[in-house]
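Along the sequence shown, the residues carry numbers beginning at 1.
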Amino acid sequence: MKRALGAVIIGCVALSAGCSNQQPAQGTGSVPKMTANPAPTTGPSLAVNTPAPASPAAVASASSDDRIIARINGEPVTMAELMKPLLESHGLQILTGIVQLDLLKQEARKDRAPVTADDVRKERELTLGKMFKDADAKEQDQLDAADAKGDKETAEKLRKQISDDREALLIQYLENQHFSRSEFDLKMEINTYLRKKAERLLQGKITDEMVEKEFGVEYGETADVRYIELANMQQVADARQRLKNGQDFGDVAEQISHDARTAPLKGLMPGISRQTPGLPETFKEMAFSLQPGQVSDTLNLNGFFFILKLEQKHAPKAVKFENVKESLRKSMFDRLVTSVMGRLSDGLGRDIVQKLQIDDPILKKQYDGFMARQQQQAMDRQKLEKQLDKERAARNAAAETQPAGAAPANEAAPAAAPAAAAAAPATQP
């Protein structure tokens, strides 16, 4: 699906598709509906020889498909004429969103965990705050200052200004992405249910030990590291020769590193600590064992090879754990909630595949085509993974039989080593 609602907005991920000025759903249980743009209230009428409107009884007697919704030169336009192109262009993604929301409401009723209109409003404000954080940073600083001074009048004006600015930015964003207000509102209601469930699952799960580790990440010793990611020992030898010839480490990383994220940055990765999650311990140990300016031996992680250079180390920040303990706990909780929301959304998608029955022929054709494409993509990924496994095995075999003078390769990382061994270029080792 090009704009499938199965890809639920978590926090403020990208949206797509036209927009209306419909107000957001407020957790009332009703599904937001697509609405046509209202006719202009000024200017010449487009209707010619428009007959008198039908009586309520006549309208009620017509089926939804045959109901006349407009006339042009006296000729009727029926609901069926409108609905067919709408279903073909937007039907499946809207249906997917509606059934997601229905499933979440069923679970909430079962768990006796209602979602209120205020919950939906807060989710919407949270999403807009993340989407347009940079745009209203100045006004937000002024608002914080006004609140600190107790200047209620100024604070209220600034809150209204921020709210108005965000609404204007949202309208512009939705128009640019061809995403309707109804779809956005539907996603906000879905996300509200996901967030409430994630918060229930995580309540009381952030331990003091977890917070202490987070403190080490945020305030402990850190290191600025560059690295070059390579696919085989021949590339390692080439990189080593370039460095030996005096070429700058960053230039070599930019030219030949396989990491598409860090190569344009001359191999520089975000600052790391000894507690940074998602990095192999061998990588962190090697980074912190280096002196500023020193280049490492070759590190072999799951069939990929890394050469590191330590730029500099930063001493731990002079902050007492007790002073930041609760703020760290909250930031961890918020981050984990977002992660759990993503997993819940994935599970919701699987439930839809198992439980959804589509009767409308237009929607069923779209759905069957989408599922066929998904299955083909899964098969293609499996073929690619098998091919990559063969290539990694061949590289490892070649590394074991390399000549004694070749660049050394350290011990292989466990199978749980992160994305460096993935098919796509790694964002970090």
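Using a distance-only test at 3.5 Å, with no hydrogens or angles considered, no donor-acceptor pair links the side chain of Lys364 to the main chain of Ile358. No donor-acceptor pair under 3.5 Å is formed between the side chain of Arg226 and the backbone N or O of Leu308. Checking side-chain atoms of Lys196 against main-chain N and O of Val115 turns up no donor-acceptor pair under 3.5 Å. Checked by atom type and distance alone, the side chain of Asp185 never pairs as donor or acceptor with a backbone atom of Met188 at under 3.5 Å. The main-chain N or O of Leu201 is found under 3.5 Å from a side-chain atom of Lys205 such that the two form a donor-acceptor pair. Between the side chain of Thr78 and the main chain of Asp66, no donor-acceptor pair closer than 3.5 Å is present. Judged by distance alone, with hydrogens and angles left aside, the side-chain atoms of Glu107 form no donor-acceptor pair with the main-chain N or O of Leu104 at under 3.5 Å. Looking at Ser327, its side chain does come within 3.5 Å of a backbone N or O of Val324 through a donor-acceptor pair. Looking at Thr154, its side chain never comes within 3.5 Å of a backbone N or O of Asp151 through a donor-acceptor pair. At distances below 3.5 Å, at least one donor-acceptor pair connects side-chain atoms of Ser89 with backbone N or O atoms of Pro85.
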Please test His90 against Gln93 for side chain to side chain contact (heavy atoms under 4.5 Å, CB included), starting from the C-alpha separation and ending with a verdict. CA-CA 6 Å; His90 303 294; Gln93 61 262 28; 3.4 Å; yes

Run the salt bridge (Lys or Arg N to Asp or Glu O under 4.0 Å) test on Glu153 and Lys157 for me, step by step, so that the C-alpha distance in whole Å, both residues' side-chain angles and the decisive distance to 0.1 Å come before the verdict. CA-CA 6 Å; Glu153 182 178 355; Lys157 288 180 180 179; 3.6 Å; yes

Please evaluate residues Lys160 and Asp164 with respect to the criterion salt bridge (Lys or Arg N to Asp or Glu O under 4.0 Å), reporting the C-alpha separation (whole Å), side-chain torsions for both, the decisive distance (0.1 Å), and the verdict. CA-CA 6 Å; Lys160 186 177 186 309; Asp164 291 346; 2.8 Å; yes

Side chain to side chain contact (heavy atoms under 4.5 Å, CB included) assessment of Ile68 paired with Val77: CA-CA 6 Å; Ile68 296 173; Val77 178; 6.0 Å; no

Steps toward side chain to side chain contact (heavy atoms under 4.5 Å, CB included) verdict (Tyr193, Leu101): CA-CA 8 Å; Tyr193 278 88; Leu101 183 58; 3.8 Å; yes

If you apply the rule side chain to side chain contact (heavy atoms under 4.5 Å, CB included), what do you find for Arg181 with Ile171, and how did you get there? CA-CA 8 Å; Arg181 179 64 69 101; Ile171 291 172; 3.3 Å; yes

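Under the 4.5 Å side-chain criterion, counting only non-hydrogen atoms from C-beta, Lys84 is in contact with Ile362. Contact check for Phe333 versus Glu199: side-chain heavy atoms found under the 4.5 Å cut-off. Between Leu301 and Phe283 the shortest side-chain heavy-atom distance falls below 4.5 Å. Side-chain contact check for Tyr227 versus Leu299: every heavy-atom pair is 4.5 Å or farther apart. In this structure the side chain of Lys309 reaches within 4.5 angstrom of the side chain of Glu311, judged on heavy atoms. The side-chain heavy atoms of Lys187 and Thr127, taken from C-beta on, include no pair separated by under 4.5 Å. Between Leu268 and Thr262, the closest side-chain pair of non-hydrogen atoms is not below 4.5 Å. Contact check for Asp224 versus His314: side-chain heavy atoms found under the 4.5 Å cut-off.
For the residue pair Glu183 / Ser180, a side-chain donor-acceptor distance below 3.5 Å is found, with atom types taken as modelled. Counted by atom type alone, His258 and Gln235 present one or more donor-acceptor pairs between their side chains at under 3.5 Å. Gln106 and Asp102 form no side-chain donor-acceptor contact under 3.5 Å, judged by distance and modelled atom types alone. For the residue pair Asp119/Thr116, the side-chain donor-acceptor check at 3.5 Å is satisfied.
Heavy atoms only, all atoms of each residue included: Val340 and Ala198 are closest at CG1-CB, 3.7 Å. The minimum heavy-atom distance linking Phe305 with Val236 is given by the pair CB-CG2, 3.6 Å. Ile307 approaches Ala239 most closely through the heavy-atom pair CD1-CB, 4.0 Å. The two residues Leu363 and Asp360 have their closest heavy-atom pair at N-OD2, 3.0 Å. The two residues Ala223 and Leu310 have their closest heavy-atom pair at CB-CD1, 3.7 Å. Scanning all heavy atoms of the two residues, the minimum distance from Phe288 to Ile272 falls at CZ-O, 3.6 Å.
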Can you give each donor-acceptor pair under 3.5 Å made by side-chain atoms of residues 209-220, sequence neighbours left out, with the distance rounded to 0.1 Å?
| from | atom 1 | to | atom 2 | distance (Å) |
| --- | --- | --- | --- | --- |
| Glu214 | OE1 | Arg335 | NH2 | 3.2 |
| Glu214 | OE2 | Arg335 | NH1 | 3.4 |
| Glu214 | OE2 | Arg335 | NH2 | 3.2 |

Got a list of side-chain donor-acceptor pairs under 3.5 Å for residues 134-142, not counting sequence neighbours?
| from | atom 1 | to | atom 2 | distance (Å) |
| --- | --- | --- | --- | --- |
| Asp136 | OD2 | Arg166 | NE | 2.7 |
| Asp136 | OD2 | Arg166 | NH2 | 3.2 |

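Tyr367 pairs in a side chain to side chain contact (heavy atoms under 4.5 Å, CB included) with only one of the listed residues (Thr96, Val353, Leu95), which is Val353. The one candidate from Arg124, Arg121, Arg195, Lys105 that meets the salt bridge (Lys or Arg N to Asp or Glu O under 4.0 Å) condition with Glu189 is Lys105.
A salt bridge is absent between Lys152 and Glu156: the closest approach of a Lys/Arg side-chain nitrogen to an acidic carboxylate oxygen does not fall below 4.0 angstrom. Salt bridge Arg329/Asp208: present, at least one basic N to carboxylate O contact under 4.0 Å.
Residue Glu125 qualifies as enclosed at atom CD: its count of foreign heavy atoms under 6.0 Å is above 12.
Summarising the geometry, atom CG belonging to Leu87 is positioned 10.5 Å from atom CD1 belonging to Ile94; distances are rounded to the nearest 0.5 Å.
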